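Shown next, in structure tokens, is the structure this report addresses.
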Amino acid sequence: MKRHPLGLALLALAGAASAQSSVTLFGVMDAGVSHFETVSEYRPAFDPRRPAAAVLAAAVPRVTQSQTTLSRGGYRGSSLGFRGTEDLGGGLAASFWLESNIANDDGKTGLASFAKRSTLSLSGGFGELRLGRDYTPIFRNDSLADPFAVQGAGLSVIARVNSASSTLLGGAPAGVAAGDNYARASNSIGYFLPPDLGGFHGQLQYALPENTRYSPDVTPTNARGRYLGGRFGYAKGPLNVALAFGEDNKDRLSSGSAAKPPVDAGGEDRLKTVSLSATYDFGPVKLLGELSQLRHRRAQAQPWMQDRTDKYNGYLVGATVPVGPGLVRASFGRVSYKAGATGLPGDTAQGASASQWALGYVHHLSRRTALYATFARVRIRDGQNDKAIGAVTSASDAPYPGYMTASGWRPRSATGYDFGIRHIF
């Protein structure tokens, strides 16, 4: 058989290119039994015109809702993904990451989407430029300080309130999901500092709203769906500390509305979050902590009304303790809500709070396989005053039981546990 020189050259080039590239299939399988329980309390305001309400409150003071499920995320969320890197030479590299959530409990959800992460990157001595759907700086900071890695029944109360606040305000145009811009941001452009800065690290992220704009500006166009965030810190030796910020635009005014609103009015919504997280590994014990503030600014539709800014102040303390082949995990967190004043007659600032403690144990059977158990307890005060606080439960996988929402009912407490097995491949 005669071998053509050009063919041999092409084969050699293809071999060299494949040697410089790599593609990896990876994933997590997590399966366990989870139990979630919520308690709602009936405490209507006394109305002499409705004495029957007081009788009902005495007869049925509380309602408990519970559910037991085969869960898929008690320790790590089940997922399947592909990632690859190509060496471009000169210190440059191109890489991609596609990861999908999977439902191994019933097998109904597989690679239907890559909503967990879908990014394309170019990296080099300048750092990394990353495009696509990726984790936000605030979520990374919440993950850093949480012994339970924002997963399962032990997921921190700060992460629960941040997620609920984003979800309750709805999504955005261009297919952005309701809870987007807390854990992940779609249509994002991210930049990461190079890793060789003596322990210093940082990132910036901007998510495009992708709304239609009009020229001339005969109709208003909002920036609903836009996200801007950043995170900067220091990680070296036993210390890891980072400061993160994020602003999520949740404007309620629809793009293309016929009525052009006054400046700084017309139903603008902004979620502004600041988080300071730190961990320190002493060896026998690793301590974790976070301070967080979420400010929800609501511009009023009428120009004579004062803008309202609600505040959620939270803290989290936690620890992990290695015990032989296992790890004990514990945390306590609290978020307090205070409603902003509108300046209207009779307006009073309302408050609410949610606290949670969690305890868990992970037993490593190997580097890739582990057994786990977690128990968590939530207490809520005046949750009827705020939907985000009132939505805090001990569950992580939907669907799960919520609270009674009819008039006079208020959330009181929640309990949850997970025990299962996790395998990484």
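In this text the structure is predicted, and so the values were computed from the model without any measurement.
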Whether the side chain of [X] engages the backbone of [Y] through a donor-acceptor N/O pair (distance < 3.5 Å, no angle test) should be reported.
X    : Y    : result
T393 : G402 : no
S100 : S113 : yes
D418 : Y75  : no
D386 : I389 : yes
T374 : A153 : no
N181 : D248 : no
T167 : S163 : yes
R133 : A115 : yes
D310 : G340 : yes
Y227 : S186 : no

Rounded to the nearest 0.5 Å, how far apart are [atom1] of [X] and [atom2] of [Y]?
X    : Y    : atom1 : atom2 : result
I424 : T369 : CD1   : OG1   : 8.5 Å
N101 : L111 : CG    : CG    : 10.5 Å
H423 : L365 : NE2   : CG    : 11.0 Å
I158 : Q356 : CD1   : CD    : 10.5 Å
E86  : L122 : CD    : CG    : 10.5 Å
N313 : L291 : CG    : CG    : 9.5 Å

Does the side chain of [X] pick up a donor-acceptor pair with the side chain of [Y] at under 3.5 Å?
X    : Y    : result
T320 : R329 : no
S275 : E290 : yes
R140 : Q203 : yes
R379 : S413 : no
R62  : T64  : no

Which pair of non-hydrogen atoms, one from [X] and one from [Y], has the smallest distance, and what is that distance?
X    : Y    : value
A244 : P137 : CB-O, 3.7 Å
L197 : L193 : CD1-CB, 3.9 Å
I380 : A354 : CG1-CB, 4.3 Å
T136 : A185 : CG2-N, 3.9 Å
S277 : A145 : OG-CB, 3.7 Å
A370 : V362 : CB-CG1, 3.9 Å

Are the side chains of [Y] and [X] in contact, using a 4.5 Å heavy-atom criterion?
X    : Y    : result
D382 : Q350 : no
L208 : Y206 : yes
I189 : L129 : yes
V157 : V378 : no
Y182 : L294 : no
D87  : T85  : no
V274 : K272 : no
S166 : K250 : yes

Could you check whether the rings of [X] and [Y] sit parallel, tilted or perpendicular, using 30° and 60° as the cut-offs?
X    : Y    : answer
F139 : Y135 : parallel
F282 : Y280 : tilted
W409 : Y42  : tilted

Pairs where residues 102-123 contributes a residue and the test ring-ring contact (aromatic ring centres under 6.0 Å, His included) is met, not counting sequence neighbours: none
Over-ring placement of R422 relative to Y372, 6.0 Å and 45° cut-offs: no
Residues, nucleotides or ligands: over 12 heavy atoms within 6.0 Å of R76 CZ: no
Centroid separation Y337 to Y312 less than 6.0 Å: yes
Trace of the side chain to side chain contact (heavy atoms under 4.5 Å, CB included) decision for D142 with L316: CA-CA 9 Å; D142 288 349; L316 175 71; over 6 Å; no
Residue pairs involving residues 96-120 (criterion salt bridge (charged side-chain N to carboxylate O under 4.0 Å, His left out); sequence neighbours excluded): R72-D105, R117-D134
Residues F96, F82; criterion side chain to side chain contact (heavy atoms under 4.5 Å, CB included); working and verdict: CA-CA 8 Å; F96 74 92; F82 309 87; 4.1 Å; yes
Side chain to side chain contact (heavy atoms under 4.5 Å, CB included) between S355 and F332, intermediate numbers included: CA-CA 7 Å; S355 60; F332 177 81; 4.1 Å; yes
From CA spacing to verdict: side chain to side chain contact (heavy atoms under 4.5 Å, CB included), M404, Q65: CA-CA 9 Å; M404 301 291 288; Q65 302 177 71; 4.0 Å; yes
